[in-house]
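Below is one structure, written out as structure tokens; comments come after it.
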Amino acid sequence: MTFETVSTNRSHGGTQGVYKHASSATGTEMTFSVFVPDHAPGTKLPVVWYLSGLTCTHANVTDKGEFRAICAELGIIFVAPDTSPRGEGVADDADAAYDFGLGAGFYVNATQEPFAAHYRMRDYIEQELPALVAANFPVDMARQGITGHSMGGHGALTIALRNPDRFKSTSAFAPIVSPTNCPWGHKALGGYLGDDRAGWAEYDACALIEGGARLPDLLVDQGDADNFLVEQLKPELLQAACDAAGQKLTLRMQPGYDHSYYFISTFMADHLRWHAERLG
């Protein structure tokens with residue numbers, strides 16, 4: 001499982017790298033970033049996966065997430081993949097809309113043409129990239145956490161709920177908690193999966209919880225000045241699903257914060273400390 005090093009930089013007593021490889025899941029070249037704190041030879045470190053939101057690549061959180069100092073302090077590896085396949089021949093939205101197609105993979109395995117050939121982000125995040133990282137970086141795969149923002153928060157919640165034995169900690173920043181109940185989700189799931197909504201449930205955190213999926217606990221931060229709060233994000237649906245199911249959830253509404261990386265970077269250290277407590 002080979003990859004190419006795009007760049008490495010020293011930062012906060014660790015190494016921030018950017019890498020690319022030929023993905024068998026997407027049939028394209030994929031780029032991802034990894035921060036590895038300095039550590040004793042032979043030591044295996046816990047890992048937190050960060051899934052980004054609409055329009056983003058690995059670079060948004062890598063450049064603006066302010067995670068390296070706290071990861072170095074806690075001894076946590078931080079992995080940030082891209083949000084969709086890219087390259088010549090990869091289908092995009094016909095109108096180049098920001099909420100579907102390139103940069104908007106929604107962490108699903110598409111079944112509808114012309115997207116099925118490349119939009120297999122579920123397989124990429126759940127299978128291919130973890131195997132690549134495990135083979136080439138000093139990660140302890142028994143100590144994995146996952147988090148993400150917006151569309152990536154949707155990805156983190158649904159991937160963890162589908163794989164409860166893999167992740168010891170799960171959190172999210174302003175996640176799309178129920179794609180079956182918002183315009184972003186209707187467009188993405190309908191376009192990638194088709195009109196039969198029965199197949200949408202495995203990509204909806206609320207539906208998964210209602211169907212019996214459980215995690216030890218969840219942490220969600222949401223800004224109350226987020227312009228997507230009412231129409232797209234709807235954290236009250238997650239709260240209701242968790243309350244009805246007895247799923248432990250800490251939902252923190254943060255006064256005055258919006259949907260940007262000013263919000264994410266403010267609470268990044270809180271989330272990583274929360275993960276560290278559960279990863280050991």
Side-chain angles (χ1 to χ4, degrees), residues 25 46-51 53 105-112 119-131 141-222 232-253 271 274-275 277-280:
V47 58
V48 170
W49 304 86
Y50 178 93
L51 305 185
F106 263 81
Y107 305 100
V108 306
N109 281 347
T111 60
Q112 301 299 298
Y119 284 80
R120 304 195 63 79
M121 291 301 294
R122 175 178 176 174
D123 282 353
Y124 181 69
I125 299 297
E126 289 187 358
Q127 300 175 30
E128 184 178 15
L129 187 59
M141 297 299 280
R143 293 188 290 163
Q144 296 185 68
I146 191 167
T147 187
H149 170 232
S150 193
M151 178 186 73
H154 140 77
L157 294 176
T158 55
I159 288 169
L161 286 163
R162 291 195 304 264
N163 298 275
D165 296 334
R166 181 180 301 182
F167 298 100
K168 293 185 177 296
S169 57
T170 305
S171 74
F173 301 89
I176 304 169
V177 303
S178 184
T180 61
N181 287 292
C182 72
W184 278 342
H186 291 170
K187 182 174 184 177
L189 298 185
Y192 293 133
L193 305 176
D195 294 333
D196 183 359
R197 294 198 176 195
W200 294 13
E202 62 188 312
Y203 297 109
D204 185 302
C206 292
L208 287 166
I209 291 167
E210 290 163 359
R214 296 290 182 272
L215 294 168
D217 52 7
L218 296 169
L219 171 64
V220 172
D221 271 312
Q222 172 65 63
Q232 304 284 8
L233 305 178
K234 304 184 179 184
E236 69 278 2
L237 297 181
L238 181 63
Q239 185 71 71
C242 288
D243 288 347
Q247 167 65 58
K248 186 177 179 181
L249 167 68
T250 300
L251 173 60
R252 308 190 302 190
M253 297 300 298
H271 279 239
W274 188 87
H275 283 275
E277 290 174 359
R278 288 151 181 79
L279 296 176

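Everything quoted here is computed from the prediction, not taken from an experiment.
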Assess the residue pair Leu51 and Tyr107 against the criterion (side chain to side chain contact (heavy atoms under 4.5 Å, CB included)); give the C-alpha distance rounded to whole Å, side-chain angles, the decisive distance to 0.1 Å, and a yes or no. CA-CA 9 Å; Leu51 305 185; Tyr107 305 100; 3.6 Å; yes

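- Residues Trp184 and Phe106 have side chains in contact (heavy-atom distance under 4.5 Å, counting atoms from C-beta outward).
- Ala245 approaches Arg214 most closely through the heavy-atom pair CB-NH2, 3.0 Å.
- Note on Arg162 versus Glu126: salt bridge recorded, some NZ/NE/NH1/NH2 to OD/OE distance being below 4.0 Å.
- Within the 4.5 Å cutoff, the side chain of Arg197 has heavy atoms near those of the His186 side chain.
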Side chain to side chain contact (heavy atoms under 4.5 Å, CB included) between Ile209 and Leu238, intermediate numbers included: CA-CA 9 Å; Ile209 291 167; Leu238 181 63; 3.8 Å; yes

Before you tell me yes or no, could you show the steps for Glu128 and Asp123 under side chain to side chain contact (heavy atoms under 4.5 Å, CB included), namely the whole-Å CA-CA distance, both residues' side-chain angles and the distance that decides it to 0.1 Å? CA-CA 7 Å; Glu128 184 178 15; Asp123 282 353; over 6 Å; no

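- The minimum heavy-atom distance between Met253 and Pro235, with the atom names listed, is SD-CG, 4.3 Å.
- With Arg143 contributing its side chain and Gly280 its backbone, the two residues share a donor-acceptor pair below 3.5 Å.
- Within 6.0 Å of NZ in Lys168 there are 12 or fewer heavy atoms belonging to other residues, nucleotides or ligands.
- Put simply, CG on Leu219 and NZ on Lys248 are 10.5 Å apart, with the number rounded to the nearest 0.5 Å.
- Within a 6.0 Å radius of CG in Asp195, other residues, nucleotides and ligands contribute 12 heavy atoms or fewer.
- Inter-residue side-chain proximity for Trp274 and Asp217 is flagged as met; some heavy-atom pair is nearer than 4.5 Å.
- Closest heavy-atom contact between Ser171 and Ala156: O-CB, 4.0 Å.
- Thr170 contributes atom OG1, which lies 7.5 Å from atom CG of Leu157 (distance to the nearest 0.5 angstrom).
- The two residues Ser178 and Cys206 come nearest to each other via the heavy atoms CB-SG, 4.0 Å.
- Here OH of Tyr124 is found 13.5 Å from CG of Asn109. Values are rounded to the nearest 0.5 Å.
- Of the possible polar contacts, none joining the Glu210 side chain to the Ala241 backbone as a donor-acceptor pair under 3.5 Å is found.
- Summarising the geometry, atom CG belonging to Asn163 is positioned 8.5 Å from atom CD1 belonging to Ile146; distances are rounded to the nearest 0.5 Å.
- Shown here for Gly145 and Leu279, the closest heavy-atom pair between the two residues is N-CD2, 3.8 Å.
- The two atoms that bring Gly194 and Gln112 nearest to each other are N-CG, 3.3 Å, heavy atoms only.
- Taking CZ of Arg122 as the start and OH of Tyr192 as the end, the distance is 16.0 Å to the nearest 0.5 Å.
- Counting only heavy atoms from C-beta outward, the side chains of Leu218 and Cys242 approach each other to under 4.5 Å.
- The shortest side-chain heavy-atom distance between Tyr203 and Leu193 falls under the 4.5 Å cut-off.
- Contact of the Gln232 side chain with the Ile176 side chain is not registered, since no non-hydrogen atoms from C-beta on lie closer than 4.5 Å.
- Here the CG atom belonging to Leu233 is positioned 13.0 Å from the CG atom belonging to Asn181, to the nearest 0.5 angstrom.
- For the pair Phe173/Thr147, a side-chain contact is recorded, criterion being any heavy-atom separation below 4.5 Å from C-beta on.
- For the pair Val220/Val177, no side-chain contact is recorded, criterion being any heavy-atom separation below 4.5 Å from C-beta on.
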